Amino acid sequence: MKYIINRLLWAPVVVWLVATLTFLTLRIVPGDPINLLATQNLTVEQMERVRQQWGLDQPIWDQYVVFMTSMVRGDLGVSITSGVQIERLLFEKMPPTIELAVVALMVSSLVGISAGLISAITPSRFLDYTVRTFSVLGLSMPWFWIAIMLIVLFSVKLRWMPSNGRIDPGMEFKTITNFMLIDTILTGNWPALWSFLRHLALPAIAIGLTSAGFVSRMTRSAMREVLQQDYIRAARARGIGERSIILRHALRNALLPILTIQGLQFGALLGGAVITEIVFSWPGLGRMLTDAILRRDYPVVQSTVIFVAMFYVLANLAVDVVYHIVDPRLRER
C-alpha cells in the first residue's frame with residue numbers, strides 16, 4: 001500500500017514533466033500556427049491581432065505560466081484551427097480510442113496467452129515451432145500491413161466486414177457517453193450495436209495480432225521458467241492434477257510480467273494507433289493528434305498528450321494493484 005501511495009504522489013510530477021516537455025517542444029520546433037490562417041486571406045494586421053489573441057506574441061516564459069495556470073484550473077482551452085472547446089474534442093475522440101484499445105488488448109491477451117501456454121506445455125515440437133513462428137511473424141509485421149491485408153481479405157474479397165468508419169452511414173443512434181458500446185446497449189439499439197462491432201473488429205484484430213506475438217513469447221518463456229520451480233515439483237509430488245498445476249499455480253505466477261507489458265501497451269494505444277486509425281478512418285484520438293500536430297494546433301496537442309500521460313500513470317497504477325492481488329508476497333511489504 002505504501003508503494004501505491006508513493007506512486008500516486010509522483011503522478012502529478014510525471015504529468016507536469018510531460019506537459020512542460022510538450023509545451024517546450026511545440027515552441028522550439030520551427031513554424032507558426034497563425035501562418036496557416038493566411039490561406040483565409042487575412043491581412044498582416046489581422047494575423048497579428050490573432051497572434052495577440054492567442055498570446056503567441058508573448059515571451060515563452062509568459063506563455064508557459066499562462067498554460068500551466070490554465071491547466072491547474074482545468075481549463076484546456078480552445079482549438080486554434082477549429083475554435084471548438086478541447087473538452088468537446090476529447091469527449092468525441094477519446095471514447096473511440098479507448099474502445100479500440102480495450103478490444104485490441106482483449107484480442108492480444110486471448111491469442112497471445114493461449115498460444116504461449118500451448119507452446120510451453122505441449123510435447124509436440126511441431127506445434128511449439130508453429131507457435132514460435134507465429135510469434136516472430138506477429139513481431140515482424142507492422143500494424144498498417146496487417147490492417148491492409150485484413151481489408152483486402154475481409155472487406156474487398158469476401159465482403160464480410162466494413163473497411164472504414166465507426167458505424168454504417170445513415171444509421172441513427174443516441175449519444176449519451178459517446179462510448180458506442182455502452183450507448184447502444186443502454187438505448188437497446190441492437191442494429192447500431194451490431195454495426196459498431198463489425199466496424200471495430202478489423203482494426204482491433206490488426207492491433208491485437210501485432211502485440212499478440214510478443215505476449216506469446218513472454219508467456220512461453222515465463223511458463224517454462226515457472227514450471228521448473230520447486231513448488232511445481234512439490235505440487236506434482238502431492239498428486240495434484242496437471243491442469244490444476246498449470247492453471248492455478250504456474251499460469252498465475254507467469255502472468256505477472258504479462259500484466260506489466262499489457263498495462264504499458266494500453267497506454268500506448270491511447271496515445272493512438274495512429275496508422276491503424278488512419279487506415280480504417282477510425283475517428284479516434286490518434287487521428288486528432290496527428291492532424292493537430294500538422295496544423296500546429298498547440299492547445300489540442302498539449303491537452304491530448306497530457307491526457308495520454310495521465311492514462312499511462314493510471315494504467316501503471318492499475319497494474320501495481322493487480323500485482324498485489326495476484327502475488328501475495330507483495331502484500332507483505
Side-chain angles (χ1 to χ4, degrees), residues 1-8 101-141 146 181 197 201 204-269 312 314-333:
M1 183 60 68
K2 183 179 179 181
Y3 174 74
I4 295 177
I5 294 176
N6 290 335
R7 292 290 300 272
L8 284 173
V102 170
V103 177
L105 278 183
M106 291 172 62
V107 173
S108 171
S109 300
L110 179 63
V111 176
I113 294 176
S114 299
L117 182 60
I118 292 173
S119 178
I121 65 176
T122 181
S124 171
R125 288 190 175 183
F126 173 78
L127 186 57
D128 183 23
Y129 179 79
T130 302
V131 172
R132 282 189 289 168
T133 302
F134 159 77
S135 301
V136 173
L137 290 176
L139 291 170
S140 305
M141 294 184 295
I146 296 179
L181 179 63
L197 293 176
I205 291 173
I207 300 174
L209 288 181
T210 304
S211 58
F214 187 54
V215 174
S216 173
R217 289 180 66 88
M218 289 202 64
T219 303
R220 178 181 181 275
S221 300
M223 280 295 297
R224 293 212 163 189
E225 180 179 352
V226 169
L227 289 173
Q228 301 300 319
Q229 299 298 317
D230 292 337
Y231 70 89
I232 297 294
R233 297 191 185 96
R236 285 172 174 158
R238 291 197 300 269
I240 299 176
E242 190 68 17
R243 177 179 297 182
S244 178
I245 290 175
I246 292 173
L247 297 179
R248 295 184 57 187
H249 300 279
L251 183 60
R252 183 173 182 179
N253 290 282
L255 284 179
L256 292 178
I258 305 300
L259 291 173
T260 302
I261 295 300
Q262 293 297 70
L264 295 175
Q265 181 71 5
F266 182 69
L269 290 176
Y312 259 111
L314 292 176
N316 287 329
L317 179 61
V319 169
D320 291 335
V321 172
V322 174
Y323 256 71
H324 281 72
I325 295 175
V326 174
D327 192 344
R329 295 171 297 181
L330 297 178
R331 295 197 292 267
E332 298 175 358
R333 299 180 182 180

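The shown structure was predicted, so the numbers you read here are calculated from the model rather than taken from an experiment.
Atom CD of E225 has 12 or fewer neighbouring heavy atoms from other residues, nucleotides or ligands inside a 6.0 Å radius. Enclosure of atom OH in Y129 is not indicated, since only 12 or fewer non-hydrogen atoms of other residues, nucleotides or ligands lie within 6.0 angstrom.
Across all non-hydrogen atoms, the minimal contact from M223 to A254 is SD-CB, 3.7 Å. Across L227 and I121, no two heavy atoms sit closer than the pair CD1-CG2, 4.1 Å.
Listed by chain and residue number, R238, I240, I245 satisfy the side chain to side chain contact (heavy atoms under 4.5 Å, CB included) test with A235 (two or more places apart in sequence, or in another chain).
Rounding to the nearest 0.5 Å places CG of L251 at 6.0 Å from CG of L117. Atom OG of residue S216 and atom CD1 of residue I118 lie 9.0 Å apart, to the nearest 0.5 angstrom.
Residue pairs satisfying the salt bridge (charged side-chain N to carboxylate O under 4.0 Å, His left out) criterion with at least one member in residues 208-222, sequence neighbours excluded, are listed as follows: D128-R220.
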Could you go through residues 101-112 and list every donor-acceptor pair under 3.5 Å that involves a side-chain atom there, pairing it with any protein atom two or more places apart or in another chain?
residue	atom	partner	partner atom	Å
S108	OG	S211	OG	2.9
S108	OG	Q262	NE2	3.3
S109	OG	L105	O	2.8
S109	OG	Q262	NE2	2.9

